[in-house]
Amino acid sequence: MKNKIVIPMVLGGIICIYVLYFMGWTPVYTLDDAYIVQHSVNNFVNFKSESVFLDSAKNSGLTSIVHVGLITLIAFVFDTNWSQFLIASLSYILFLVAIFLYSFKSTKNIVTSFCLTLLAAVSGYVIEQFFNGLETGLLIFLVTISLILFRNGVPQQKLAFALLPVLPFVRPELSFLSTIICVRAAFFYLKNNQKSEFSRAFFILVIASAMVAIYAIILTGNILPNTAGAKSYFFAESCKQLDEKIRVLNSGIGRFLSSLGVLSLGFIAILFTRLRFVFLTFISIFYILYLLEFSGGIHHNNYRYQYVFYAFAIIGLIDFLSLNLVAKYSKYLSLLMLVLGLYSVPKNIHNLNTSIQFTQNENFTVGEWVKENISKNDVILIHDAGYISTVTNSKLVDIVGLKTSYSAQVNKVTRLVNCGNDPRAIDAIATKFNAKYFVVFGMWDDIFQLTNSLKVMGWKVEVADKSRDGAAYRVYKISK
């Protein structure tokens, strides 16, 4: 087994190097929010308080304090940009190692194990999700470990219970998964009259919960992040008609499953395994909550939020192929699935390359333009609060509210109440902070009518970056 572990490590290492090659040998992240993480880590490493964003609560805008904490530890030694990439690479390689070892233990077949590991390594947008600079890859790895450890109801080692309180601080949605796993384990102990075992597990759970809660309060001043609320106020989808929300949700689920290709069969396969209760309960809670509050969110960033289920799919396939009736065909079935799964890889790699180039050609260039052309005394309205915050000394106001608390409050009583675009929201934010510039992504401007809203409310809006004509991000000089 020790010799075989080299297989997934080498596979993961090769793919990490391949991704770095696409990035131009310097880490580039496909999502602007990744640079919010960098901005916060830089503040921690340099022991600085917030100096760029106005009206920013303590370390606001952080969804995953576990992810940020790991990057910060490494950033005391390495550059922040590389620290982010190292955490992503480590999460990816450990994920593949976990899948390979679990598959080999279950199927006792090295061909099946390799095929399923490679399938897990490249299906859908998983590579992009691991290397988008956010917590998605770490989430996939930790969910995988959790499902493996608690597959039979309770783990072999009680210390595994310490992992469960960590999950909600990777992503808030995982609080439901942790709860389901805990309830299932408690039922197992009590059903088998193992009260002493239950007490030990409960003690570990309480101690770990207290430790991670204290860490959250020290880091951000709160136990729960503000990001979900701020996004729900801005996008204002909870007030939409139910039939419209169902249509949007169904579309997002369908596209996610389609993007996974043959791996999506794992969601059927897991229904024949011991994890079906965990899966069905968690997926029901997840989609009901998104239906009610943020149905469009499951489309965002190549279905990023739905990748919380990725581990269920691959674990489902492994467990299904280890069933007595199927095991003797596992090698051939896994080979067939791998061949079918590899069919979509070139398209997904192209998409990854396109996303990296977008960051380089758009986020980087608008950031440099702002740095070189706008005074540090001027206030800039933004909605993508990441990369610009790492290169400019100007004062920034996040109109979504991830970093600027006042924006979230305004969006709650305007956009959310009126179920969508409300010119008063951006007017109130711009007026409050005496904004002089507005950096906006063209697609967002079209959807949310942001510059038009400023004009409707009496603002003069002029293109400031005329030399960047045709760019996806535009800079406007605004005055009233």
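- Side-chain atoms of Glu293 do not come within 3.5 Å of backbone N or O of Ser238 as any donor-acceptor pair.
- For the residue pair Ala472 and Glu362, the shortest heavy atom distance occurs at N-OE1, 2.9 Å.
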* When you look at Leu163 and Ser146, which way does the side-chain contact (heavy atoms from CB on, under 4.5 Å) test go after all the steps? -> CA-CA 8 Å; Leu163 174 63; Ser146 300; 3.2 Å; yes

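- Checking side-chain atoms of Asn192 against main-chain N and O of Phe188 turns up a donor-acceptor pair under 3.5 Å.
- In this structure, Asp398 contributes its side chain and Leu402 its backbone to a donor-acceptor pair below 3.5 Å.
- The ring-ring contact (aromatic ring centres under 6.0 Å, His included) search around Phe198 returns none, not counting sequence neighbours.
- Between Phe309 and Phe286, the distance separating the two ring centers is shorter than 6.0 angstrom.
- Side chain of His299 to backbone of Gly252: a donor-acceptor contact under 3.5 angstrom is found.
- Across every non-hydrogen atom of Gly367 and Val391, the tightest pair is O-CG2, 3.6 Å.
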Please output the side-chain donor-acceptor pairs of residues 28-38 that fall under 3.5 Å, not counting sequence neighbours, one pair per line with the distance.
| from | atom 1 | to | atom 2 | distance (Å) |
| --- | --- | --- | --- | --- |
| Tyr29 | OH | Asn81 | O | 2.7 |
| Tyr29 | OH | Phe85 | N | 2.9 |
| Asp32 | OD1 | Asn363 | ND2 | 3.2 |
| Asp32 | OD1 | Tyr387 | N | 3.0 |
| Asp32 | OD2 | Ala385 | N | 3.3 |
| Asp32 | OD2 | Gly386 | N | 2.6 |
| Tyr35 | OH | Tyr29 | N | 3.1 |
| Gln38 | NE2 | Asn81 | OD1 | 2.7 |
| Gln38 | NE2 | Gln84 | OE1 | 2.8 |

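- Surrounding CD1 of Ile246 are more than 12 heavy atoms belonging to other residues, nucleotides or ligands, all under 6.0 Å away.
- Taking the side chain as every heavy atom from C-beta outward, Lys395 and Ile380 never approach each other to under 4.5 Å.
- Residue Ile270 holds its CD1 atom at 9.0 Å from CG of Leu317, rounded to the nearest 0.5 Å.
- Checked against the 6.0 Å centroid threshold, Phe161 and Phe202 do not count as a close aromatic pair.
- The aromatic ring centroids of Phe312 and Phe279 lie less than 6.0 Å from each other.
- Atom OG of Ser251 is separated from atom CD1 of Ile298 by 7.5 Å, given to the nearest 0.5 angstrom.
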Could you list the donor-acceptor pairs under 3.5 angstrom formed by side chains in residues 116-123, with sequence neighbours left out?
| from | atom 1 | to | atom 2 | distance (Å) |
| --- | --- | --- | --- | --- |
| Thr117 | OG1 | Ser113 | O | 2.6 |
| Ser123 | OG | Leu119 | O | 2.6 |

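- Side-chain contact check for Asp55 and Ser405: no donor-acceptor pair (N or O, by modelled atom type) lies under 3.5 Å.
- Counting heavy atoms of neighbouring residues, nucleotides and ligands inside a 6.0 Å radius, atom CZ of Phe203 does not exceed 12 of them.
- The environment of Phe358 atom CZ is dense: over 12 non-hydrogen atoms of other residues, nucleotides or ligands sit within 6.0 angstrom.
- Taken from OH in Tyr189 to OG in Ser199, the straight-line distance is 10.5 Å, to the nearest 0.5 Å.
- For the pair Ser178/Pro168, a side-chain contact is recorded, criterion being any heavy-atom separation below 4.5 Å from C-beta on.
- Sorted by first and then second residue, the disulfide (SG to SG under 2.5 Å) pairs involving residues 201-318 (not counting sequence neighbours) are Cys239-Cys419.
- Although no hydrogens or angles enter the test, the distance criterion places a donor-acceptor pair under 3.5 Å between the side chain of Ser175 and the main chain of Pro172.
- For residues 148-174, the side chain to side chain donor-acceptor pair (under 3.5 Å) pairs, not counting sequence neighbours, are Tyr102-Arg151, Glu135-Arg171, Arg151-Asp319, Asn152-Arg274, Lys158-Glu197, Arg171-Glu173, Glu173-Tyr290.
- Under the 3.5 Å distance criterion, with hydrogens and angles disregarded, no donor-acceptor pair is assigned to the side chains of Gln129 and Asn302.
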* Could you give me the CA-CA distance, side-chain angles and deciding distance for Leu242 and Leu291, then say whether side-chain contact (heavy atoms from CB on, under 4.5 Å) is met? => CA-CA 8 Å; Leu242 182 61; Leu291 174 66; 4.2 Å; yes

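- Considering CG of Leu167 and CZ of Phe176, their distance stands at 13.5 Å, rounded to 0.5 Å.
- Nearest heavy atoms, Val410 versus Ala428: CG1-CB, 4.1 Å.
- With contacts defined as side-chain heavy-atom distances shorter than 4.5 Å, the pair Arg474/Phe441 does not qualify.
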Would you tabulate the side-chain donor-acceptor contacts of residues 255-266 under 3.5 Å, counting partners in other chains and residues two or more places apart, or write 'none'?
| from | atom 1 | to | atom 2 | distance (Å) |
| --- | --- | --- | --- | --- |
| Ser259 | OG | Phe256 | O | 2.7 |
| Ser264 | OG | Gly261 | O | 2.6 |

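- Residues Leu54 and Tyr406 fail the side-chain proximity criterion, which asks for heavy atoms closer than 4.5 Å.
- Shortest non-hydrogen contact noted between Ser394 and Val52 is O-CG1, 3.5 Å.
- Considering only heavy atoms from C-beta on, Ile288 stays 4.5 Å or farther from Ile285 through its side chain.
- Judged purely by atom type and a 3.5 angstrom limit, Thr392 has no side-chain atom pairing as donor or acceptor with the backbone of Ile388.
- A cation-pi contact, defined as under 6.0 Å to the ring centre and within 45° of the axis, is absent between Lys231 and Phe294.
- The two atoms that bring Asn411 and Ile399 nearest to each other are ND2-O, 2.9 Å, heavy atoms only.
- Across all non-hydrogen atoms, the minimal contact from Ala408 to Tyr233 is O-CD1, 3.5 Å.
- Using modelled atom types, one side-chain atom of Lys245 and one backbone atom of Leu292 make a donor-acceptor pair closer than 3.5 Å.
- Put simply, OG on Ser40 and CD1 on Ile65 are 12.0 Å apart, with the number rounded to the nearest 0.5 Å.
- If you check the side chains of Thr414 and Arg424, you find no donor sitting under 3.5 Å from an acceptor.
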* Begin from the C-alpha positions of His67 and Ile87 and carry the test side-chain contact (heavy atoms from CB on, under 4.5 Å) through to its verdict. => CA-CA 8 Å; His67 181 242; Ile87 290 296; 4.0 Å; yes

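- The aromatic rings of Phe438 and His383 sit perpendicular to each other, their planes meeting at more than 60°, with 30° as the lower class boundary.
- Checked against the 6.0 Å centroid threshold, Tyr473 and Trp444 do not count as a close aromatic pair.
- Side chains of Tyr125 and Asn301 form no contact here, defined as non-hydrogen atoms less than 4.5 Å apart.
- Ring centroid separation for the pair His300 and Phe235 comes in under the 6.0 Å cut-off.
- Side-chain atoms of Asn348 and Ile127, non-hydrogen and from C-beta on, never get closer than 4.5 Å to each other.
- Using modelled atom types, one finds no donor on one side chain facing an acceptor on the other under 3.5 Å when comparing Arg304 with Asn132.
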* Under the side-chain contact (heavy atoms from CB on, under 4.5 Å) criterion, do Leu139 and Tyr307 qualify, and how do the steps go? -> CA-CA 8 Å; Leu139 174 153; Tyr307 271 80; 5.6 Å; no

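- The backbone N or O of Gly229 lies less than 3.5 Å from a partner atom in the side chain of Ser232, making a donor-acceptor pair.
- Put simply, OG on Ser407 and CD1 on Ile429 are 3.5 Å apart, with the number rounded to the nearest 0.5 Å.
- Two residues are said to be in side-chain contact when any heavy atoms from C-beta on lie closer than 4.5 Å; Ser91 and Ile140 fail this criterion.
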